[in-house]
A.B. asks: 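Would you mind keeping the following structure in view while I ask a few things?
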Amino acid sequence: MLKDLLNPMQLRIFMESLDDVGYESVLLTYHYNQEDYFIKSAACFFKGQKTKYMIAMRPYAIAPAYFSMMINGYNQIKNNKLIINIVSGTKDEDQAIFGEVTSSVDRKKFAGDFISQLRQINKLLPPIYFSGGSPEAISNTIEHGDGIIYLLQDHLTTPERFDEIKGVKMLRVHLIIKDTYEEAEKVFNDLDHVRQKANCIYGTKETVLKEIEKLKGFELMVSSTKGDNSNEYINDIVRECVTL
């Protein structure tokens, strides 16, 4: 499950609402003009919480040594509840606030070097997942990561590119789930977000569940699409998948 733009109180309420659904973690997104989710999520733990936080981080925003300190401090607050998602960013203006702007490829290479340094500093890191389907993201995952998050479209078109990865493979999937197939199809056809549309499964709970069953062997990162809210149906499907 993915979530963004929540204040600490909203985040805690959200986490409490889905803690028994069966998600392993919730991805908390990163953007330079948002508040720090390391701080916000550390303040939101509640007694008995099972669901972990996967927190996105852009390596060029911080030094490896300080990031190690953040992780250690987080684990003192709540141990074994953190997963790191390394993202390189695609827009140059997002990086400009941190200093020199480099190319997307250079940022991906830097991400690998960053995690290499981090592992030299800290031997007790949480799982680290790289994002993307580029050669650099795949190489970073093989050499430095515990898993990779990539798009459903990448899996459907060129799955062999990821065969070398021995860690966790997580597919990014958007779901549109309605009471009737026709209603879901209409929402899908009206969707103007090209990337979400290309990585979307839609239909009724029954038809979507059948499509998800074809993806056995992968972990899934799921969410609604822009402008639609299928979260309750998605939660129902996750409950069913956990019991399969």
A.B. asks: Do you know which two heavy atoms are closest between G132 and A137, and how far apart they sit?
C.D. replies: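 Closest heavy-atom pair between G132 and A137: O-CB, 3.7 Å.
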
A.B. asks: Just how far is it from atom CD of Q117 to atom CG of N122, taken to the nearest 0.5 Å?
C.D. replies: 13.5 Å

A.B. asks: So, are D228 and K178 salt-bridged, with charged N and O less than 4.0 Å apart?
C.D. replies: yes

A.B. asks: How close do I55 and Y37 get, counting heavy atoms only, and between which atoms?
C.D. replies: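 Heavy atoms of I55 and Y37 come nearest at CD1-O, 3.9 Å.
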
A.B. asks: Taking the six-membered ring for Trp and the single ring otherwise, decide whether the centroids of F38 and Y53 are under 6.0 Å apart.
C.D. replies: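 When the ring centroids of F38 and Y53 are compared, they turn out to be at least 6.0 Å apart.
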
A.B. asks: Can you confirm whether M70 sits close enough to N72 that some side-chain heavy atom of one is under 4.5 Å from a side-chain heavy atom of the other?
C.D. replies: no

A.B. asks: With ring pair (Phe, Tyr, Trp, His ring centres under 6.0 Å) as the rule and sequence neighbours excluded, what pairs involving residues 107-139 come up?
C.D. replies: F67-F114

A.B. asks: Can you tell me how far the CD atom of E206 sits from the NZ atom of K210, to the nearest 0.5 Å?
C.D. replies: 8.0 Å

A.B. asks: So, using side chain to side chain contact (heavy atoms under 4.5 Å, CB included) as the criterion, who are the partners of E232 when residues are at least two apart?
C.D. replies: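 Counting only residues at least two positions away or on another chain, E232 forms a side chain to side chain contact (heavy atoms under 4.5 Å, CB included) with N235.
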
A.B. asks: Sort out for me which residue in L18, L220, V21 forms a side-chain contact (heavy atoms from CB on, under 4.5 Å) with V238.
C.D. replies: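 By the side-chain contact (heavy atoms from CB on, under 4.5 Å) criterion, V238 pairs with just one of L18, L220, V21: V21.
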
A.B. asks: Is R107 close to R58 at the side-chain level, that is, under 4.5 Å between some pair of heavy atoms?
C.D. replies: no

A.B. asks: Please identify each residue that fulfils side chain to side chain contact (heavy atoms under 4.5 Å, CB included) with N229, with sequence neighbours left out.
C.D. replies: S224, N231

A.B. asks: Hey, could you give me the CD1/CG distance between I149 and L151, rounded to the nearest 0.5 Å?
C.D. replies: 10.5 Å

A.B. asks: Connecting only ILVMFWY residues whose side-chain heavy atoms lie within less than 4.5 Å of each other, what is the rest of M9's hydrophobic cluster?
C.D. replies: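 Members besides M9, by chain and number: I13.
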
A.B. asks: Does anything in residues 137-150 pair up under salt bridge (charged side-chain N to carboxylate O under 4.0 Å, His left out), and if so which pairs, sequence neighbours excluded?
C.D. replies: R119-D146

A.B. asks: Can you check side chain to side chain contact (heavy atoms under 4.5 Å, CB included) on M221 and L27, steps first, answer last?
C.D. replies: CA-CA 8 Å; M221 177 180 291; L27 173 63; 3.6 Å; yes

A.B. asks: Identify whether I121 and I86 are in the same connected component of the hydrophobic contact network (ILVMFWY, side-chain heavy atoms under 4.5 Å).
C.D. replies: no

A.B. asks: Any sub-3.5 Å donor-acceptor pair from K78's side-chain atoms to Q49's backbone N or O?
C.D. replies: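 No, because the side chain of K78 does not come within donor-acceptor range (under 3.5 Å) of the backbone of Q49.
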
A.B. asks: Under 4.5 Å between any side-chain heavy atoms of C200 and T225, yes or no?
C.D. replies: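 Result yes, sub-4.5 Å side-chain heavy-atom pair found.
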
A.B. asks: Restricting to salt bridge (charged side-chain N to carboxylate O under 4.0 Å, His left out), what partner residues turn up for K205, sequence neighbours left out?
C.D. replies: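 Residues passing salt bridge (charged side-chain N to carboxylate O under 4.0 Å, His left out) with K205: D236.
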
A.B. asks: Apply salt bridge (charged side-chain N to carboxylate O under 4.0 Å, His left out) to K50 and D20, showing your working.
C.D. replies: CA-CA 8 Å; K50 298 184 288 292; D20 290 325; 2.7 Å; yes

A.B. asks: Flag the pair K226 and D192 as a salt bridge only when some basic side-chain nitrogen lies within less than 4.0 angstrom of an acidic carboxylate oxygen.
C.D. replies: no

A.B. asks: To the nearest 0.5 Å, what is the distance between CG on L28 and CG on L11?
C.D. replies: 6.0 Å

A.B. asks: Report yes if some heavy atom in the side chain of L125 is under 4.5 Å from a heavy atom in the side chain of L118; otherwise report no.
C.D. replies: yes

A.B. asks: Please lay out, stage by stage, how I142 and I148 fare under the test side chain to side chain contact (heavy atoms under 4.5 Å, CB included).
C.D. replies: CA-CA 9 Å; I142 294 170; I148 189 169; over 6 Å; no

A.B. asks: Grouping I, L, V, M, F, W and Y whenever their side-chain heavy atoms are under 4.5 Å apart, do I83 and I39 come out in a common cluster?
C.D. replies: no

A.B. asks: Using the rule given for side chain to side chain contact (heavy atoms under 4.5 Å, CB included), can you reason through Q196 versus L191, listing the C-alpha separation, both sets of side-chain angles and the distance that settles it, and then say yes or no?
C.D. replies: CA-CA 8 Å; Q196 288 190 2; L191 184 63; 4.1 Å; yes

A.B. asks: May I ask you to test the T204-Y233 pair for a side-chain heavy-atom distance under 4.5 Å?
C.D. replies: no

A.B. asks: If you define the side chain from C-beta out and look only at heavy atoms, does anything of I138 sit under 4.5 Å from E164?
C.D. replies: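 Not in contact.
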
A.B. asks: May I ask you to test the T29-Q34 pair for a side-chain heavy-atom distance under 4.5 Å?
C.D. replies: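 The answer is yes; the side chains approach within 4.5 Å.
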
A.B. asks: Is there a path of hydrophobic side-chain contacts, each under 4.5 Å between heavy atoms of I, L, V, M, F, W or Y residues, that connects F14 with Y30?
C.D. replies: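 The answer is yes; both residues are in one hydrophobic cluster.
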
A.B. asks: What residues, two or more places apart in sequence or in another chain, satisfy side chain to side chain contact (heavy atoms under 4.5 Å, CB included) together with E35?
C.D. replies: K40

A.B. asks: If I compare all heavy atoms of P126 with all of I84, which pair ends up nearest, and what's the gap?
C.D. replies: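 Here P126 and I84 meet closest at CG-CG1, 3.8 Å.
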
A.B. asks: Assess, by modelled atom type and distance only, whether the side chains of Y74 and S41 contain a donor and an acceptor separated by less than 3.5 Å.
C.D. replies: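 The criterion, which ignores hydrogens and geometry beyond distance, is satisfied for S41 and Y74.
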
A.B. asks: Minimum heavy-atom separation for A111 and N140, please, with both atom names.
C.D. replies: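 Closest heavy-atom pair between A111 and N140: CB-ND2, 4.2 Å.
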
A.B. asks: Carefully, step by step, assess L175 and V173 under the rule side chain to side chain contact (heavy atoms under 4.5 Å, CB included).
C.D. replies: CA-CA 6 Å; L175 300 178; V173 182; 3.7 Å; yes

A.B. asks: Within the side chain of R239, is there an N or O that forms a donor-acceptor pair under 3.5 Å with the backbone of G22?
C.D. replies: no

A.B. asks: Can you tell me how far CG of L171 sits from CD of E219, rounded to the nearest 0.5 angstrom?
C.D. replies: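 One gets 10.0 Å once the value is rounded to the nearest 0.5 Å.
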
A.B. asks: With D36, which residues qualify under salt bridge (charged side-chain N to carboxylate O under 4.0 Å, His left out), at least two apart?
C.D. replies: none

A.B. asks: Would you please test S131 and R172 for side chain to side chain donor-acceptor pair (under 3.5 Å) and show each step?
C.D. replies: CA-CA 10 Å; S131 281; R172 178 79 180 90; over 6 Å; no

A.B. asks: When rounded to the nearest 0.5 angstrom, what is the spacing between OG in S134 and NZ in K109?
C.D. replies: 10.5 Å

A.B. asks: Sorted by first residue and then second, give each ring pair (Phe, Tyr, Trp, His ring centres under 6.0 Å) pair with at least one member in residues 135-173; sequence neighbours left out.
C.D. replies: Y150-F162, H155-F218

A.B. asks: Quick check on Y66: does its OH atom have over 12 non-hydrogen neighbours (other residues, nucleotides or ligands) under 6.0 Å away?
C.D. replies: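 Atom OH in Y66 is not packed in, count stays at 12 or less.
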
A.B. asks: Which residues pass the salt bridge (charged side-chain N to carboxylate O under 4.0 Å, His left out) test with K186, not counting sequence neighbours?
C.D. replies: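 Only D190 meet the salt bridge (charged side-chain N to carboxylate O under 4.0 Å, His left out) criterion with K186.
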
A.B. asks: Would you please name every residue forming a salt bridge (charged side-chain N to carboxylate O under 4.0 Å, His left out) with K214, sequence neighbours left out?
C.D. replies: E211

A.B. asks: With ILVMFWY side chains joined below 4.5 Å, transitively, what does Y202's cluster contain besides itself?
C.D. replies: I176, Y181, V187, F188

A.B. asks: Within the distance-only criterion (no hydrogens, no angle test), does the side chain of N85 pair as donor or acceptor with the backbone N or O of M54 below 3.5 angstrom?
C.D. replies: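 Such a contact is absent between N85 side chain and M54 backbone.
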
A.B. asks: Using modelled atom types and a 3.5 Å cut-off, is there a donor and acceptor pairing between side-chain atoms of S139 and backbone atoms of P135?
C.D. replies: no

A.B. asks: Do N75 and K81 come within less than 4.5 Å of each other through their side chains, counting heavy atoms only?
C.D. replies: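 No. Closest side-chain heavy atoms not under 4.5 Å.
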
A.B. asks: Quick one: does N199's side chain have a donor or acceptor within less than 3.5 Å of a partner on Q153's backbone?
C.D. replies: yes

A.B. asks: Determine the minimum heavy-atom distance between A56 and V87, stating which atoms define it.
C.D. replies: CB-CG2, 4.4 Å

